[in-house]
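What follows is a short report on a single structure.
By convention in this document, chain letters (A, B, ...) are assigned in the order of the sequence lines, proteins followed by strands, and residues within each chain are numbered from 1.
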Amino acid sequence: MQTLELQKMANEVRKGIVTAVHSAKAGHPGGSLSAADIFTYLYFEELNIDPKNPKDPDRDRFVLSKGHTAPGYYSAMAHRGYFPVEDLVTLRHVGSHLQGHPCMQHIPGIDMSSGSLGQGISVAVGMAIAGKLDKKSYHVYTLLGDGEIQEGQVWEAAMLAGHRHLDNLTVIVDNNGLQIDGKIDDVCSPYPIDKKFEAFNFHVISVADGNDMEQLRAAFTEAKSVKDKPVAIIAKTIKGKGVSFMENQASWHGTAPNDEQYQVAMADLEKVGEALCQK
Amino acid sequence: MSEVKKIATRESYGNALAELGAQYPNLVVLDADLAGATKTSVFMKAFPERHIDCGIAEGNMMGVAAGLATAGKIPFASTFAMFAAGRAFEQVRNSIGYPHLNVKIGATHAGISVGEDGASHQCNEDIALMRTIPGMVVINPADDVEARAAVKAAIEHEGPVYMRFGRLAVPVINDPASYTFELGKGIVMQEGKDVTIVATGLEVSESLEAAKMLEADGILAEVINIHTIKPLDTDLIAASAKKTGKVVTVEEHSIIGGLGGAVAEALAEKAPTKMLRIGVNDTFGESGPAKALIEKYELDAKSIYNKVKAWL
């Protein structure tokens, strides 16, 4: 997909996030919006997948280790054709297949249930080991939050991935700089993130603007070329990206917009969409 | 009487995996730096490429096992019961139980029979923890024959299974020629009419010994081996309870939440019966030779006999 098309799609994904979380009256818009461009790039450009054949043993795998950003994941999947975009308004409703955190038994195409932080990366490592054992060429991707990497299990998993030279694994850290209690460097700093992954025998790619499709394209292209090491992409992003009043506000980590805020948010995104159409 | 052969069920576990490895090419074994102790080293030698040592990181090992299962592998995640059910509880719950993945957990060194390592390594809570997870099968085999059969049954079963094995060599009480393992089905080891003794794991052989002592006093005990604690064979236990009117549970596990808890829950609803729970009595263990600890914590045949006799 051309970069402009990816940008337009990312904007649609963002609208889906805001709509879903507003409808649910709960959920996590901040980290979904910061990662919307990553979700879009993965699902519309990077992953070798087919929504019509979600169990293909040769498909690429994706594990959303930061499972609370399910609205971003669901929105990208819906737009990619895994289920109707209209379903997004059922997020977190009783009986909906769109659980608050991803559940693989409810949605074909979700490769792993997640939500408890730190666990998804271990599962991704297991998938990558399976790919090596079976001599398959599929690639495994997992997306982590920068707060999430405070979980010790992340580094247990990273140690094993580096030790086993899993070059079929790409770990992406959504470095939006905020967690529930505030700035990550005020709460319990995980910095330097790049040096940590390097020390765990990863090839590290730092992305200055993880909301920029061209920079994401360059990073994922480089990641694919790396041999003998797992890759960590550290993407600097803006929490709440695209919605004026949510940007860089920790308070929008896990809060839903009310009706009035929803209108403002959608108007913000409409404006972005119109500007992209002028290009 | 000829000497009874004794084998630790952890040995049975490792041997069974090595034996079944060729038959099941998707079988993989994971360890957390304890392959020598969990006895999976036998499998590792036979199938080195299918053995994954995760290092001392049990939470990660459970997640890696889950990832392997999503790709069609049948992973056996092996470590001590303390770390499998205790440390990694939440990983087992959320990464294995909730998505109902086909992961088998081989938990060795369960109970106070760990011996000299002491209370930090003597897990008396694992059955209680694991049986609360929806869809989790919990197996606690009594001897070598049953343990090896349980491993095969776990492979054949689609879904998560927790298996409990011991460090101590225990008598082989089942005949391999006639023994069959049926998941979720208890085994009446001996029929009786005066009291039902429901036992699990190494306490099955102790209970059979206790039943002999009771018989000498004219008390005929029905002894039931419950190798599968979840799903529990409630029909068998309730029928026996109705027959004898008195039920004793015996386990090398806390009396809270384990076999005793499971049987009490079942009988309270299906056939309320007078009960005595014998197990680790809401306390931590300590260091010492396994046999001495089993006696000190009153889990040996003589103690079971005395307790049942006093209770009846």
Contact check, side chains of B:Met61 and A:Ser122, non-hydrogen atoms, under 4.5 Å: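 Not touching, per the 4.5 Å side-chain cut-off.
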
Side-chain contact, heavy-atom cut-off 4.5 Å: A:Leu133 with B:Lys73?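 A:Leu133 reaches B:Lys73 side chain to side chain.
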
In terms of heavy-atom pairs under 4.5 Å with chain A, which of B:Ala71, B:Gly63, B:Gly55 leads?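 Looking at each option in turn, the highest pair count goes to B:Gly63.
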
Any idea which of B:Ala66, B:Gly59, B:Ala65 has the most non-hydrogen atom pairs under 4.5 angstrom with chain A?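 Highest number of pairs under 4.5 Å: B:Gly59.
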
Which bit of A:Ala157 is near chain B, if near means a heavy-atom gap under 4.5 Å: side chain, backbone, both or neither?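 Both the backbone and the side chain of A:Ala157 come within 4.5 Å of chain B.
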
If I take atom [atom1] from residue [X] and atom [atom2] from residue [Y], how far apart are they, to the nearest 0.5 angstrom?
| X | Y | atom1 | atom2 | value |
| --- | --- | --- | --- | --- |
| B:Leu101 | A:Gln105 | CG | CD | 7.5 Å |
| B:His100 | A:Met104 | NE2 | CE | 11.5 Å |
| B:Glu49 | A:Lys132 | CD | NZ | 16.0 Å |
| A:Ile129 | B:Leu30 | CD1 | CG | 7.5 Å |
| A:His101 | B:Tyr98 | NE2 | OH | 9.5 Å |

What's the shortest heavy-atom distance between A:Met112 and B:Ser95, and which atoms?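 Closest approach of A:Met112 to B:Ser95: CE-O, 3.2 Å.
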
Answer with side chain, backbone, both or neither: which region of B:Asp53 has an atom nearer than 4.5 Å to a non-hydrogen atom of chain A?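 Contact with chain A: backbone only.
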
Residue [X] excluded, over 12 heavy atoms near [atom1] under 6.0 Å:
| X | atom1 | value |
| --- | --- | --- |
| A:His163 | NE2 | no |
| B:Gln23 | CD | yes |
| B:Phe284 | CZ | no |
| B:Arg87 | CZ | no |
| A:Lys25 | NZ | no |

With a 3.5 Å cut-off and no angle check, do the side chains of B:Glu90 and A:Ser116 form a donor-acceptor pair?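 Side-chain D/A pair, B:Glu90 to A:Ser116: present.
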
Show your reasoning for whether side-chain contact (heavy atoms from CB on, under 4.5 Å) applies to A:Asp111 and B:Thr70. CA-CA 8 Å; A:Asp111 294 317; B:Thr70 68; over 6 Å; no

Starting from the C-alpha separation in whole Å, work towards a yes-or-no answer on side-chain contact (heavy atoms from CB on, under 4.5 Å) for B:Gln91 and A:Gln153. CA-CA 10 Å; B:Gln91 285 82 358; A:Gln153 188 178 344; 2.7 Å; yes

Does the pair A:Gln119 and B:Asn94 meet the rule for a side-chain contact (heavy atoms from CB on, under 4.5 Å), with working shown? CA-CA 8 Å; A:Gln119 298 193 22; B:Asn94 273 326; 3.7 Å; yes

Among B:Asn60, B:Ile56, B:Val64, side chain to side chain contact (heavy atoms under 4.5 Å, CB included) partner for A:Glu156: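 It is B:Asn60, the one option of B:Asn60, B:Ile56, B:Val64 that forms the side chain to side chain contact (heavy atoms under 4.5 Å, CB included) with A:Glu156.
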
